[in-house]
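To start, the structure itself, in structure tokens.
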Amino acid sequence: MEFAKTIIYVDDVEETLDFYYQAFGLSTIKDDGSGQYAELDTGQVKLAFSAHPCAQSNFKQSYIRTQPKQPALGFEIRFYCDNVIESYDKAVAAGAEPFCPPADKSHGQTLAYVRSIEGTLIALSSR
């Protein structure tokens with residue numbers, strides 16, 4: 001078995017792609033052209049976004065939507081970056097909600113958290 005990708009269900013795929021480009025410099029590598037599904041260039045494991053109606057066409061069960069005005073869901077996406085402070089500032093300037101400012105951790109990493117425009121918790125970490 002191999003981990004393939006993470007798909008986040010969102011209200012507006014195009015708006016979300018634009019945010020991830022502005023905040024983190026991630027380019028779109030796959031777009032179905034309908035505005036319902038796209039993937040970002042995140043290395044071997046892809047980060048993708050799907051519109052809620054598209055997701056619900058695959059299954060009928062309900063799920064808890066990520067929402068920026070509600071508490072963060074119990075998971076994070078983590079990006080390694082060369083300069084956590086600059087990356088944090090850039091993400092916030094692009095519209096991310098500050099969640100936890102950059103701090104040096106006891107295990108030698110610098111770590112910060114933001115929430116994306118769709119409400120996903122994102123960790124920015126030095127290696």
Side-chain angles (χ1 to χ4, degrees):
M1 187 171 299
E2 180 181 350
F3 186 67
K5 67 182 80 172
T6 296
I7 303 173
I8 299 173
Y9 305 134
V10 299
D11 291 324
D12 188 323
V13 172
E14 295 301 322
E15 178 183 43
T16 304
L17 293 173
D18 184 58
F19 166 77
Y20 277 78
Y21 179 75
Q22 298 299 323
F24 309 111
L26 299 172
S27 299
T28 303
I29 58 166
K30 182 178 181 182
D31 189 334
D32 74 352
S34 71
Q36 296 293 300
Y37 178 84
E39 294 177 2
L40 295 176
D41 187 4
T42 52
Q44 186 173 351
V45 177
K46 300 299 177 237
L47 176 59
F49 301 97
S50 180
H52 292 291
C54 184
Q56 291 171 329
S57 72
N58 291 326
F59 53 85
K60 301 302 178 201
Q61 293 84 350
S62 63
Y63 55 89
I64 298 171
R65 294 179 180 213
T66 59
Q67 297 182 24
K69 301 300 180 204
Q70 298 294 324
L73 298 178
F75 71 93
E76 70 182 53
I77 294 171
R78 183 171 289 215
F79 293 119
Y80 289 128
C81 42
D82 293 331
N83 187 316
V84 173
I85 294 169
E86 284 180 12
S87 297
Y88 176 86
D89 290 343
K90 181 179 177 184
V92 171
E97 175 190 343
F99 198 79
C100 181
D104 293 327
K105 299 298 179 182
S106 60
H107 49 278
Q109 287 182 312
T110 301
L111 186 63
Y113 288 90
V114 296
R115 284 191 69 193
S116 63
I117 61 168
E118 82 281 351
T120 302
L121 187 60
I122 298 174
L124 303 170
S125 176
S126 61
R127 290 187 187 261

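Remember, it's a predicted structure, so these values are computed and weren't measured experimentally.
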Between the side chains of R65 and D11, is the shortest nitrogen-to-carboxylate-oxygen separation below 4.0 Å, so that they form an ion pair? yes
Rounded to the nearest 0.5 Å, the NZ atom of K90 sits from the CD atom of E86 at a distance of 10.0 Å
Looking only at non-hydrogen atoms, find the nearest pair between F19 and A96 and report the distance. CE1-N, 3.5 Å
May I ask you to decide if S116's main-chain N or O and T120's side chain share a donor-acceptor pair within less than 3.5 Å? no
Indicate if Y88 and Y113 have the same hydrophobic cluster label, given that clusters are the connected sets of ILVMFWY residues with side-chain heavy-atom separations under 4.5 angstrom. no
Take atom CG of N58 as the centre, draw a 6.0 Å sphere, and report whether it contains more than 12 heavy atoms from other residues, nucleotides or ligands. yes
Point-to-point distance, once rounded to the nearest 0.5 Å, from OG of S126 to CG of L111: 8.0 Å
Testing the basics here: between F49 and E118, what is the closest heavy-atom pair and its distance to 0.1 Å? CE2-OE2, 4.3 Å
Same cluster (ILVMFWY, side-chain, under 4.5 Å), I64 and F75: yes
All heavy atoms of I7 vs all of S50, minimum pair found to be CG2-CB, 3.8 Å
Tell me, do S27 and Y21 make a side-chain contact under 4.5 Å, heavy atoms counted? yes
To the nearest 0.5 Å, tell me how far E97 CD sits from L121 CG. 9.5 Å
Inspect the surroundings of CD1 in I85 and state if more than 12 heavy atoms from other residues, nucleotides or ligands are less than 6.0 Å away. no
Which atom names give the shortest non-hydrogen contact between L40 and L26, and what distance separates them? CD2-O, 3.9 Å
Check step by step if side chain to side chain donor-acceptor pair (under 3.5 Å) holds for D104 and T110. CA-CA 4 Å; D104 293 327; T110 301; 2.7 Å; yes
Which atom pair, heavy atoms only, marks the closest approach of P102 to V84? CB-CG1, 4.1 Å
Could you walk me through whether I122 and E76 pass side-chain contact (heavy atoms from CB on, under 4.5 Å), step by step? CA-CA 5 Å; I122 298 174; E76 70 182 53; over 6 Å; no
Would you say that K5 contacts Q44 through its side chain, given a criterion of any heavy-atom pair below 4.5 Å between the two side chains? no
Whether the side chain of T28 engages the backbone of D31 through a donor-acceptor N/O pair (distance < 3.5 Å, no angle test) should be reported. no
Counting only N and O atoms by type, is there a donor-acceptor contact under 3.5 Å from the side chain of T6 to the main-chain atoms of L47? no
Membership question, hydrophobic clusters at under 4.5 Å side-chain separation (ILVMFWY): are F59 and Y37 in the same one? yes
Say whether, by atom type as modelled, one donor and one acceptor occur between the side chain of R115 and the main chain of Q67 under 3.5 angstrom. yes
Going through the checks in order, is the side-chain contact (heavy atoms from CB on, under 4.5 Å) test met by L124 and R78? CA-CA 6 Å; L124 303 170; R78 183 171 289 215; over 6 Å; no
Test side-chain contact (heavy atoms from CB on, under 4.5 Å) on V114 and V92 and set out the steps. CA-CA 7 Å; V114 296; V92 171; 4.2 Å; yes
Taking the inter-plane angle between the rings of Y20 and F79 on a 0 to 90° scale, is it parallel (under 30°), tilted (30 to 60°) or perpendicular (over 60°)? perpendicular
Check whether F24 and I77 end up in the same hydrophobic cluster, where Ile, Leu, Val, Met, Phe, Trp and Tyr are linked by side-chain heavy atoms less than 4.5 Å apart. yes
Check whether any side-chain N or O of E39 sits under 3.5 Å from a backbone N or O of K46 as a donor-acceptor pair, and report yes or no. no
Taking all atoms of both residues into account, what is the closest heavy-atom pair of P53 and Q36, and its distance? CB-OE1, 4.2 Å
